[in-house]
> 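Before we start, here is the structure in question, set down as structure tokens.
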Amino acid sequence: MIEMNGVNHSIGRAAILQDITATLPRGRITALIGPNGAGKSTLLSLIARLEPVQQGQIRVEGLDIGQSDSRELARRLAILPQNAGVMSRLRVRELVGFGRWPHHQGRPGPADRRKVDEAMARLALTDLADRFLDQLSGGQRQRAHLAMTLAQDTDWLLLDEPLAALDMAHARALMAELAALRDAGRSVVMVLHEINHAAAWADHVLAMKGGRIHAEGTPAEVFTPGVLEPLYDMPLRIAQFEGRPMVLHHL
């Protein structure tokens with residue numbers, strides 16, 4: 001599990017996160033939801049140690065991320081940040097191969113190449129393996145970055161808006177793939193603005209607003225008018241579809 005205790009983060013005098021204390025369960029899909037500026041992406045960056053923890057503690061499977069070896073952490077956590085920029089003249093296979101670096105440290109073997117092939121196949125990229133990134137659509141590039149994260153083969157996947165630029169079919173396919181990984185024992189923490197995807201696929205939801213935790217629990221516990229209306233400052237209606245909540249709003 002990922003344990004956060006008393007985490008605070010500021011940029012200058014602006015408080016971005018305030019007293020974040022929560023536990024993210026292992027072997028589950030956890031969705032971070034909330035309005036823009038809630039602190040979701042910042043929290044994900046702190047867990048991945050893309051930014052240092054200023055105050056408080058974050059532990060991943062018992063490891064204090066502030067004191068852990070970077071290579072050891074990279075074998076436990078893989079992150080897809082919101083703006084993952086790389087050189088455009090990389091081929092898809094080369095980009096996905098970067099995910100294996102924590103394992104081979106520059107000397108890839110047959111097992112590494114197999115993981116790369118598996119990740120590309122999972123995200124329907126095999127036919128694009130030799131294509132340059134600047135020859136892809138935005139959605140195809142997003143899938144290539146996701147494949148790089150999958151190829152890292154970690155227990156935890158941290159994904160910041162992974163559905164950005166994906167069409168309906170590929171968004172659903174990705175969520176189904178993440179659910180399959182969860183069922184195989186992997187753990188996923190993801191920032192989602194598409195709250196009905198969170199309602200349909202997440203096991204655990206952390207709702208954030210103004211840098212604080214607004215609510216936490218299962219989709220059935222969080223996706224209620226009493227929780228979501230003050231979270232988003234708008235009237236909402238919650239319906240049920242195939243046993244899961246569905247969020248509706250007026251035009």
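Keep in mind it's a predicted model, so treat the numbers as computed, not measured.
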> Can you tell me if Thr218 uses its side chain to pair, donor with acceptor, with the backbone of Glu221 under 3.5 Å?
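Such a contact is found between Thr218 side chain and Glu221 backbone.
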
> Within a radius of less than 6.0 Å around CE of Met1, do more than 12 heavy atoms belonging to other residues, nucleotides or ligands occur?
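Atom CE in Met1 is not packed in, count stays at 12 or less.
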
> Do Gln152 and Trp101 have a side chain donor and acceptor closer than 3.5 Å?
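Result is no, nothing qualifies.
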
> With a 4.5 Å cut-off on side-chain heavy atoms, are His193 and Asn36 touching?
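They are in side-chain contact.
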
> Nearest heavy-atom pair of Ile33 and Tyr232: which atoms, and what distance?
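The answer is CB-OH, 3.8 Å.
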
> Is it true that Met190 and Leu24 fall in one hydrophobic cluster, defined by side-chain heavy atoms closer than 4.5 Å?
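Per the 4.5 Å side-chain linkage, Met190 and Leu24 are not co-clustered.
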
> Could you check Asp64 against Gln57 for side chain to side chain donor-acceptor pair (under 3.5 Å), going step by step and ending with a plain yes or no?
CA-CA 7 Å; Asp64 185 332; Gln57 185 182 58; 3.1 Å; yes

> Please say yes or no: joined through hydrophobic side-chain contacts below 4.5 Å, possibly via intermediate residues, are Val222 and Met246 part of one cluster?
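No, separate clusters.
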
> Between atom CE of Met120 and atom CG of Leu128, what is the distance when rounded to the nearest 0.5 Å?
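Atom-to-atom, Met120:CE and Leu128:CG are 9.5 Å apart.
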
> Is there side-chain contact between Ile29 and Val189, with heavy atoms separated by less than 4.5 Å?
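Not touching, per the 4.5 Å side-chain cut-off.
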
> Flag yes if more than 12 heavy atoms outside Asp69 fall under 6.0 Å of its CG atom; otherwise flag no.
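For Asp69, atom CG is crowded (more than 12 foreign heavy atoms under 6.0 Å).
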
> Please round to the nearest 0.5 Å and tell me the distance separating atom CG of Leu206 and atom CD1 of Ile20.
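These two atoms lie 7.0 Å from each other.
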
> Please determine whether side chain to side chain contact (heavy atoms under 4.5 Å, CB included) holds for the pair Leu32 and Leu192, giving the CA-CA distance in whole Å, both sets of side-chain angles, and the decisive distance to 0.1 Å.
CA-CA 6 Å; Leu32 306 183; Leu192 284 177; over 6 Å; no

> More than 12 foreign heavy atoms under 6.0 Å from CZ of Arg186: is that the case here?
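Atom CZ in Arg186 is crowded, with more than 12 foreign heavy atoms closer than 6.0 Å.
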
> Just verifying a value: how many Å separate Gln142 CD and Leu136 CG, rounded to the nearest 0.5 Å?
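Here the interatomic distance stands at 12.0 Å.
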
> Under the side chain to side chain contact (heavy atoms under 4.5 Å, CB included) rule, what do His204 and Glu216 come out as? Steps first, then yes or no, please.
CA-CA 8 Å; His204 186 74; Glu216 181 179 7; 2.9 Å; yes

> Taking only residues two or more places apart in sequence, or in another chain, which ones meet Arg114 in a side chain to side chain donor-acceptor pair (under 3.5 Å)?
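Listed in chain order: nothing, the list is empty.
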
> Salt-bridged, Arg93 to Asp117, with N to O below 4.0 Å?
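Yes, this pair counts.
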
> How far does CD1 of Ile2 sit from CG of Leu158, to the nearest 0.5 angstrom?
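The CG atom of Leu158 is 5.5 Å from CD1 of Ile2, to the nearest 0.5 Å.
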
> So do Leu90 and Phe132 actually touch side chain to side chain, heavy atoms under 4.5 Å?
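No - every pair of side-chain heavy atoms lies 4.5 Å or more apart.
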
> Do Pro225 and Leu236 have side-chain heavy atoms sitting under 4.5 Å apart?
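The answer is no; the side chains never approach within 4.5 Å.
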
> Take Arg141 and Val92, measure what side chain to side chain contact (heavy atoms under 4.5 Å, CB included) needs, and give me the verdict at the end.
CA-CA 8 Å; Arg141 282 195 297 273; Val92 170; over 6 Å; no

> Report the C-alpha distance between Gln140 and His170 in whole Å, list the side-chain angles of each, state the deciding distance to 0.1 Å, and finish with yes or no for side chain to side chain donor-acceptor pair (under 3.5 Å).
CA-CA 10 Å; Gln140 289 170 333; His170 283 110; over 6 Å; no

> With sequence neighbours left out, write down each residue that passes side chain to side chain donor-acceptor pair (under 3.5 Å) with Arg76, or none if nothing qualifies.
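Counting only residues at least two positions away or on another chain, Arg76 forms a side chain to side chain donor-acceptor pair (under 3.5 Å) with Glu72.
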
> Thinking salt bridges, do Arg28 and Asp203 make one under a 4.0 Å N-O criterion?
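So Arg28 does not pair with Asp203 through a salt bridge.
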
> Answer yes or no: is there an ion pair linking Arg212 with Asp19, defined by an N-O contact shorter than 4.0 Å?
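Looking at Arg212 and Asp19, the cut-off is not met.
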
> Any idea which heavy atoms bring Lys40 and Pro35 closest together, and the distance?
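That would be NZ-O, 3.0 Å.
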
> When you check the gap from the basic side-chain N to the acidic O, do Arg91 and Asp130 get nearer than 4.0 Å?
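No.
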
> Linking I/L/V/M/F/W/Y whenever their side-chain heavy atoms sit closer than 4.5 Å, directly or via other members, would Ile58 and Leu73 fall into one cluster?
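Hydrophobic grouping puts Ile58 with Leu73.
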
> Under the criterion side chain to side chain contact (heavy atoms under 4.5 Å, CB included), I'd like the reasoning laid out for Arg59 against Ile65: C-alpha separation, chi angles, the key distance, then a yes or no.
CA-CA 6 Å; Arg59 298 173 68 88; Ile65 64 165; over 6 Å; no

> So, taking the atom named CD1 in Ile79 and the one named CG in Leu159, what distance separates them when rounded to the nearest 0.5 Å?
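Between atom CD1 of Ile79 and atom CG of Leu159 there are 8.5 Å.
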
> Is there a continuous path of hydrophobic side-chain contacts, each under 4.5 Å between heavy atoms, that joins Val188 to Val191?
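No: no chain of side-chain contacts under 4.5 Å links Val188 to Val191.
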
> Output the distance between atom CD (Glu161) and atom CG (Leu44), rounded to the nearest 0.5 Å.
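That separation rounds to 10.5 Å.
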
> So Ser187 and Arg182, do their side chains get closer than 4.5 Å, heavy atoms only?
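No, too far: nothing below the 4.5 Å cut-off.
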
> Only one of Ile213, Thr42, Val53, Asn8 passes side chain to side chain contact (heavy atoms under 4.5 Å, CB included) with Leu17; say which it is.
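That would be Thr42; it is the only one of Ile213, Thr42, Val53, Asn8 passing the side chain to side chain contact (heavy atoms under 4.5 Å, CB included) with Leu17.
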
> Quick check on Arg172: does its CZ atom have over 12 non-hydrogen neighbours (other residues, nucleotides or ligands) under 6.0 Å away?
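Atom CZ in Arg172 is not crowded, with 12 or fewer foreign heavy atoms closer than 6.0 Å.
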
> Taking everything shown except Arg237 itself, do over 12 heavy atoms lie less than 6.0 Å from its CZ?
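For Arg237, atom CZ is not crowded (no more than 12 foreign heavy atoms under 6.0 Å).
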
